[in-house]
Protein chains: 2
Amino acid sequence: MTEIRQPSPRRGTNLPRMGDFNLTVILDAIRRSPAGLSRVELARIVGLSPQTISNISRRLLDQDLIYEAGKEGTGPGKPRTMLRLKSSGMYAVGVHLDPAVTTFVVLDLVGAVVKHSRIKTPGGSDPGAVIDTIAAEIKQLVTESGVDPARIAGLGIASPGPIDLEEGTVVDPPLLLGWDRVPLRDALAEATGLSTIVDKDVTSAAVAETWAGGPSGAGSFVFMYMGTGIGCGIVLNDEVVRGTSGNAGEIGHIIVDPDGAPCDCGMRGCVKSTCIPQVLVARAVEAGVLDGSVEAVTGPAIQESFTALCAAAAAGDARAEEIIDHSAVLVARAVSTITNALDVDRVVFGGPFWTCLSQWYLERIPELVREGSATRKIHEIEVVGTGVGEDVGAIGAACLVLEHTLAPRSQRLLLEG
Amino acid sequence: MTEIRQPSPRRGTNLPRMGDFNLTVILDAIRRSPAGLSRVELARIVGLSPQTISNISRRLLDQDLIYEAGKEGTGPGKPRTMLRLKSSGMYAVGVHLDPAVTTFVVLDLVGAVVKHSRIKTPGGSDPGAVIDTIAAEIKQLVTESGVDPARIAGLGIASPGPIDLEEGTVVDPPLLLGWDRVPLRDALAEATGLSTIVDKDVTSAAVAETWAGGPSGAGSFVFMYMGTGIGCGIVLNDEVVRGTSGNAGEIGHIIVDPDGAPCDCGMRGCVKSTCIPQVLVARAVEAGVLDGSVEAVTGPAIQESFTALCAAAAAGDARAEEIIDHSAVLVARAVSTITNALDVDRVVFGGPFWTCLSQWYLERIPELVREGSATRKIHEIEVVGTGVGEDVGAIGAACLVLEHTLAPRSQRLLLEG
DNA sequence: TTAGGGGTATCAGTGACTGAGATCCGCCAG
DNA sequence: CTGGCGGATCTCAGTCACTGATACCCCTAA
């Protein structure tokens, strides 16, 4: 295990850093406005003078990241020239590595999926084989997409945790056999020739929300990732919280039901032992809602059974309704633990298992979260579904690259040592 | 309750902001080095050029915030001139409002307590009377301190939550009767003529640690505030997490014992119903460790009984040891919930009840937190006691002012709208 | 057709950082 | 005791990015 690092002191900033930061601020403002923004609007929004906006706009136009999308205006005065993001200005490749299925996307600058594919993750315990398969699929996807490789800013990987962000390694995830400190980032960088970033799957999902999620991805929020496991991404003031090693968002052992099932951690009633799809499916079998035993607990089998469970609940099966409802109560408790600790005012739900849960959960969870909020007299807590879709992991992986390259993170201003 | 605010987009930065930020970066580096730093050392640490360091050092010397503290060097070459923080360069007044006792400090630039006082918080349900009393005490303290009022940067208030940070109000804290949306910041600003900041007590404690806590106050950490209630301050990358309304750190309803006592929130085994001093004292009475019944549950009475309980444990009373030990196990679970969610690698304990817990807790909690860590294969989690002392709340309140004025927060770089 | 208002570009100035060179200071060798 | 050397700090002039003021452009309304 690594030595505890003495955090480096704050670094200063300089003129090139400042210019670079302001450029990303302007690009970000344009990115968040699908209809585009004029220079005078940009000046008002970001606080820089009109001619700074002109200077920087010129540079963005030269770099082909934005374009002039016509004029707008009805009163006296010169019509405004609308500046919009040029979707073909930059691309990123995203890969979501899941023990069962690996998803690939090529994303454009706006955050739209230009190309998509999905393969079954090779089994066994040979990470090298998996990496080779992934690299081959990436190359094929890029070729098929027709995208100019020079326009591809890089490759992002959403991986199951735990990870070591600084080393770029995956460290013994629960459902990936043989993945003992696998240097995934460097291996894929070498195999593909693309600049590569690895991040945890729930963090990638949160980045997807900030980049491509619309209004729900702004400011501060918690992203509840409903997957094979349940985790959360944390975004505070438009900046994703990753933590010391990249593993923030580990909530599997929050106790949400004192009377709940025993957990492998020694406690009982944890999120992991009461709320995850596999547990709900088992309860459904036990209650006779679903047929037979579910022995194969692979992702696809669980997803199929889980979808059936949700369909039963939607069709009015009282037992199925009770199972889903009870899980909503428990998930809401986990949410409250996090929202109370961080004092955020928005919770976004997403992940591969979210779609069939969304109707029930959005009906129940907002009120439960409100009741559990320590700040309910001060502000509401908005609970919404993701604006991104089910491939939030892979889209998020690609967004890691776009965020790294273009997001106006305050870290961008600081000199590197 | 307030409407949900649309988060404002990121603002840009400009030259004056940049200069101001770099000045605070240099001041911060000097502040963190009690022995002082030379210009060449500063250049290396913050990444700015030697003549920028010279320019900014000149300005700090002119503002009387630092001084040249002699020369150092043994080899060839001109000896280095050591620059040190001038403790008398700036002062701040801090007040920790507690339902039982209100503590006052005047803090100098280094973070040393220049003057200190304590009064019994007036009872009843008239916030106005409390405010008047506090203002009078502040004026007297400043006068007695002999500090030049022109050197006082402002007044910080550490208040029990919940608070509305934007409005500067205190919103119905559990143990302050009649405090229904009291505009504490503006009232005290007007009564004292000092620029005033209000923050939650646990957040103030965390700010104290970052400012005056030494190495344990750097980087990212969670500050466990052991008070009448148990809360936590959160610091990520040297920046305190306050949350949407200033109420981050609310952990009273994390479930840490599925078999624990019922809580007023409807659950059982919460931090609030199992770990707080009042609960431990009640258990001690029940177990015969302490005499009689504890009916008066005021702060001082609880503190006295709690000290007796800890003394009994330290003296070898097995029942007392069991009570304290069990609470350590439970507190460690709450800590793990937060450290896993945020992936931090340091936990700092402090608060008025910390001193007598420290020996037992520092013996037990590190290993428990390590076992409960999802990232134990990647990094350790350091568990330490505060470097500030018991008046961490009041010191933190004063540090709010110093932090607001001098800390190199990235927010300082951004233009205001 | 002209005036006016709003939007954008241009010009020259400002603020802060920085590369290069000068000056200062102390140690060490001759 | 003196001069050379290396390191620290200061000075000079240049660079970069932002900005106030002004000019130009464009459209509507009278």
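Values in this document were obtained by computation on a predicted structure and should not be read as measured data. Reminder, nothing fancy here: chain letters follow the sequence lines and each chain counts from 1.
Between A:Arg80 and C:dG7 there is a side-chain polar atom (N or O) within less than 4.0 angstrom of OP1 or OP2. For A:Asn14 and C:dT18, the shortest distance from a side-chain N or O to OP1 or OP2 is below 4.0 Å. When the side-chain nitrogen and oxygen atoms of A:Ser49 are compared with OP1 and OP2 of D:dT19, one or more of them lie within a distance under 4.0 Å. Note on B:Ser54: every side-chain N or O is 4.0 Å or more away from OP1 and OP2 of D:dT9. For C:dA16, the OP1/OP2 oxygens have no side-chain nitrogen or oxygen of B:Asn55 closer than 4.0 Å.
When every heavy atom of B:Gly89 is checked against every heavy atom of B:Leu109, the shortest pair comes out as CA-CD2, 4.4 Å. Here the closest heavy-atom approach between residue A:Ser204 and residue A:Asp199 is recorded as OG-CB, 3.8 Å.
For A:Ser38, taking side-chain heavy atoms from C-beta onward, the closest of the listed nucleotides D:dA17, C:dT8, D:dT9 is C:dT8. If you check C:dG7, D:dA17, C:dG5 against the side chain of A:Pro16, the one that comes closest is D:dA17. Proximity note for A:Gln51 (side chain, C-beta onward) versus C:dC17, C:dC11, D:dA17: the nearest is C:dC11. Closest to the side chain of B:Pro76, from the set C:dG26, C:dG15, C:dT18, is C:dG26.
Here the side chains of A:Arg39 and A:Leu83 are in contact, with some heavy-atom distance below 4.5 Å. By the 4.5 Å heavy-atom criterion applied to side chains, A:Arg10 and B:Glu239 are counted as neighbours.
Rounded to a whole Å, the CD atom of A:Glu68 is 7 Å from the P atom of C:dA9.
Residue contacts shown for B:Ile53 are absent, as no nucleic acid heavy atom lies under 4.0 Å away. Backbone-only contact: A:Pro79 has heavy atoms under 4.0 Å from sugar-phosphate atoms and none from a base.
In terms of position along DNA chain C, the nucleotide closest to A:Arg58 lies nearer the 5' end than the nucleotide closest to the other residue of the pair A:Thr13 and A:Arg58. Between A:Gly77 and A:Asp20, the residue anchored nearer the 5' end of DNA chain D, judged by the nucleotide with its closest heavy atom, is A:Asp20.
If you run side-chain contact (heavy atoms from CB on, under 4.5 Å) between A:Tyr91 and each of A:Asp148, A:Leu402, A:Val147, only A:Val147 comes through.
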